[in-house]
Amino acid sequence: FNEAGQPTWMARYSLAVLLERTFYSYYVGGAKYSETHTGFSGGNRTSVERNWHENGQLQRLQHTFNGLSNGLYQEFDAQGRPVSEFTYVMNSAHGPFRTWFPDTTQLRSEGAYLDDQLDGLHTEYHANGKVKSRITYAQGIEDGQATTYDEAGRLRSNRTYVDGKLRRNEDWWYDESGTLRSHNVRTRSNGDLGRGDVAETELQEQWDAEGRLARYEESEFGRLHGETREYQEGILLSRCQYANGLLDGRYEQFYWEDGSPFNGNPVSDRLFKEGKRDGLSLIYDHETGNLRERTHYRRDLRHGRSELFHADGTPQSSGDYIDGKKNGLHSSWDGNGDPARLATYVDDVLHGPWSDYYEGVLRETGEYADGQKTGTWRFYNQLSELVSREDYKAGFRDGHYETYFSDGNPATTDLSTRGSYARGLQDGEWETFAGQGSDHYRTSRSQWRLGVEIGPRRSYSSTTGPSTMRPLVTELVEGT
């Protein structure tokens, strides 16, 4: 006993053999602090240890065997509320356990140990009682499902482990208002995502502050792979397919204005292969929804028929391409549907018939050879009257050259000038004329050689008509 008459230890013997013994200790004020009861049998010690708070509430209960924790272990706060509860086998945590939040009866965690290692389902809680996480362990290693939740009970992550290696990771993120803003799923059949290994597959979703989907994308090994979509205020802006980080498949872009698509029509609808346009490509007018371009591509080059359209949907141009080069007849039309130009190409070089129009009226026509004008070209005015007829060779005027007067009647072709060229230079006899119809007559005649006038220039006049034309003056050209 102590001076206050309280027992400090007690023992029981049988034939001088100690069978059990109890030790006591006290607070300064006299309240019991601890009690350790030990039983002896076969050379082993089995003990039960208790501690109390100064107010008399049990603080700790522990079972030991030969000095090692063995059995139930419990802790309590000064109000008698549980703090923790474990089960031990020879000083190793082995069996179920529970812990509580301080100053409350709210459970904080629960699960089980096997040889001092977490084993089986381990659950943690938020202070408000909602589940915080559920993780499955196998001998201390995460193995199986692992989920986490926020205080509102919303799922925040869902992971799958195999022998401690993270193989699937799914996350959700909410902003302060509780709006879901992102969702991410990453997977890997081998390796460990938790150690920074690149995900084999990944899915990402994002939402705006109003909770409307803003982006969706799929990827593999850190590169876009699969479908990708973008939105604005919940309205689809684009939708495309990727393979190994490159556009591959259909790529659609949609018009957006004031929060709504125009008739749901896309702005463009194109096909890609390995990051390059390949196949049919369609472009639409964002105001009318009418088709503006229809073109076939191969390896990012125009290949096949290419057609352009005016905003009202009427044809603007049409022609064929081979590996990005114009080939064959290419036609164009103005906004009224009248022809504007007809041109023939070979490997992106003008070669063949050419016609140019203005407001549907033919203005010039001829042929090209290897990108240069060749043969006879005819030029017309807006009244469809022939203005000139010119011969070309290798891009130069070469041969006959004639110009005509305009009298408002396309059926008449009274000469204004007649001559010839050689390699783009005046060459040979040149004549000028005046008058029209029965009053048409020559006014001058001159000789040229490769751009230089030679010989005398003769001028003519007529007072009664062509039958009485006579020389008026002969001029000597300087240097002849």
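Along the sequence shown, the residues carry numbers beginning at 1.
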Can you find a heavy atom in the side chain of Ser41 that is under 4.5 Å from one in the side chain of Thr46? no
Report yes or no: do Ser47 and Thr36 form a side-chain donor-acceptor pair below 3.5 Å? no
Is the shortest side-chain heavy-atom distance between Val267 and Tyr284 below 4.5 Å? no
Which salt bridge (Lys or Arg N to Asp or Glu O under 4.0 Å) pairs, counting each pair once, include a residue from residues 174-193, with sequence neighbours left out? Asp175-Arg181, Asp192-Arg195
Donor-acceptor contacts, no H, no angles, side chain residues 124-134, under 3.5 Å, sequence neighbours left out:
residue: Glu124; atom: OE2; partner: His122; partner atom: NE2; Å: 3.3
residue: Tyr125; atom: OH; partner: Glu110; partner atom: OE2; Å: 2.4
residue: His126; atom: NE2; partner: Tyr149; partner atom: O; Å: 2.8
residue: His126; atom: NE2; partner: Asp150; partner atom: O; Å: 3.4
residue: Asn128; atom: OD1; partner: Lys130; partner atom: N; Å: 3.0
residue: Asn128; atom: ND2; partner: Glu151; partner atom: O; Å: 2.8

Heavy atoms only: give me the nearest Tyr297-Arg277 pair and the separation to one decimal. OH-NH1, 3.1 Å
Testing the basics here: between Asn70 and Val89, what is the closest heavy-atom pair and its distance to 0.1 Å? OD1-CA, 3.3 Å
Thr160 pairs by side chain to side chain donor-acceptor pair (under 3.5 Å) with which of Glu170, Arg167, Gln145? Gln145
Could you check if a side-chain atom of Asp334 sits within less than 4.5 angstrom of a side-chain atom of Tyr358, using non-hydrogen atoms only? no
If you define the side chain from C-beta out and look only at heavy atoms, does anything of Asn327 sit under 4.5 Å from Tyr345? no
Working note: His330 + Tyr321, criterion ring pair (Phe, Tyr, Trp, His ring centres under 6.0 Å); need CA distance, chi angles, decisive distance, verdict. CA-CA 10 Å; His330 279 246; Tyr321 288 80; 5.3 Å; yes
Please confirm whether the backbone N or O of Thr365 pairs with a side-chain atom of Arg378, one donor and one acceptor, at under 3.5 Å? no
Residue pairs involving residues 193-244 (criterion ring-ring contact (aromatic ring centres under 6.0 Å, His included); sequence neighbours excluded): none
Does any donor atom in the side chain of Gln382 or Arg363 lie under 3.5 Å from an acceptor atom in the other side chain? yes
Students often mix this up, so state it plainly: with edges at 30° and 60°, are the rings of Tyr73 and Tyr88 parallel, tilted or perpendicular? perpendicular
Decide whether Gln117 and Gln139 meet the rule of one side-chain donor and one side-chain acceptor closer than 3.5 Å. no
Between Ser317 and Ser332, is there a side-chain donor-acceptor contact under 3.5 Å, judged purely by atom types and distance? no
So, taking the atom named CG in Asn66 and the one named CZ in Arg45, what distance separates them when rounded to the nearest 0.5 Å? 5.5 Å
Go through the side-chain N and O atoms of Ser109 and Thr99 and say whether any donor and acceptor fall under 3.5 Å apart. yes
Any idea which heavy atoms bring Gly319 and Arg305 closest together, and the distance? O-CD, 3.3 Å
When rounded to the nearest 0.5 angstrom, what distance separates CG in Leu180 from CD in Gln206? 11.0 Å
How about Gln6: does its CD atom have over 12 heavy atoms from other parts shown lying under 6.0 Å from it? yes
Stepwise, does the side chain to side chain donor-acceptor pair (under 3.5 Å) test hold for Glu390 with Tyr392? CA-CA 7 Å; Glu390 309 172 12; Tyr392 283 82; 2.6 Å; yes
Partner set under salt bridge (Lys or Arg N to Asp or Glu O under 4.0 Å) for Arg223, not counting sequence neighbours: none
Sidechain-backbone polar pair: His63 side chain, Val48 backbone, donor-acceptor under 3.5 Å: no
Aromatic ring pairing Tyr27/Tyr33, orientation class (parallel under 30°, perpendicular over 60°, tilted between): perpendicular
For residues Phe76 and Trp100, establish whether the separation of their ring centroids is below 6.0 Å. no
Heavy-atom side-chain contact between Arg98 and Leu107 under 4.5 Å: yes
Distance (rounded to the nearest 0.5 Å) between Gln79 CD and Gln57 CD: 7.5 Å
For the atom pair NE2 (His303) and CZ (Arg299), what is the distance rounded to the nearest 0.5 Å? 7.5 Å
With no hydrogens and no angle check, just 3.5 Å: does a side-chain donor-acceptor pair link Arg60 and Gln62? yes
Show the numbers, then the answer: is there a side chain to side chain contact (heavy atoms under 4.5 Å, CB included) between Val83 and Asp77? CA-CA 6 Å; Val83 174; Asp77 65 13; 4.1 Å; yes
Can you give me the closest heavy-atom contact between Ser318 and Glu307, atom names plus distance? OG-CG, 3.8 Å
For Asp163, look at atom CG and say whether over 12 heavy atoms of other residues, nucleotides or ligands are found less than 6.0 Å away. no
Please confirm whether the backbone N or O of Arg215 pairs with a side-chain atom of Glu205, one donor and one acceptor, at under 3.5 Å? no
If we ignore angles and hydrogens, is there a donor and acceptor under 3.5 Å between the side chains of Gln204 and Glu202? yes
State, to 0.1 Å, how close Thr376 and Asp391 come at their nearest heavy-atom pair, and which atoms those are. OG1-OD1, 2.7 Å
N-O pairing of Lys326 and Asp348 below 4.0 Å: no
Please work out which of the three classes, parallel, tilted or perpendicular, describes the rings of Trp377 and Trp354, given edges at 30° and 60°. tilted
Would you check if His183 and Leu203 make a side-chain contact, meaning some heavy-atom pair closer than 4.5 Å? yes
Expected output: side-chain Thr344 to main-chain Pro353 donor-acceptor under 3.5 Å: yes
Is any side-chain heavy atom of Arg168 closer than 4.5 Å to one of Arg159? no
If we ignore hydrogens and angles and just use 3.5 Å, is the side chain of Asp356 paired with the main-chain N or O of Arg341 as donor and acceptor? no
Can we say Lys325 and Asp347 salt-bridge, meaning some charged N sits less than 4.0 Å from an Asp/Glu carboxylate O? no
Has Asn55 got a side-chain atom pairing as donor or acceptor with Ala78's backbone, closer than 3.5 angstrom? yes
Tightest non-hydrogen contact, residues Gly395 and Gln372, listed as N-CB, 3.5 Å
Expected output: side-chain Asn336 to main-chain Asp338 donor-acceptor under 3.5 Å: no
Mind checking the OH-CG spacing from Tyr251 to Asp269? Nearest 0.5 Å is all I need. 11.5 Å
For Pro7, which residues count as a side chain to side chain contact (heavy atoms under 4.5 Å, CB included) partner, sequence neighbours excluded? Phe1, Tyr24, Tyr26
Pairing residues for Arg302 by the salt bridge (Lys or Arg N to Asp or Glu O under 4.0 Å) criterion, not counting sequence neighbours: Glu293
With rounding to the nearest 0.5 Å, note down the distance linking CG in Leu166 to OG1 in Thr187. 10.0 Å
When you measure from the centre of the six-membered ring of Tyr174, is the NZ or CZ of Arg154 closer than 6.0 Å and no more than 45° off the axis? yes
So, do His94 and Leu114 sit near enough that their side-chain heavy atoms are less than 4.5 Å apart? yes
Do Gln253 and Ser268 pair up side chain to side chain, a donor and an acceptor below 3.5 Å, judged on atom types alone? yes
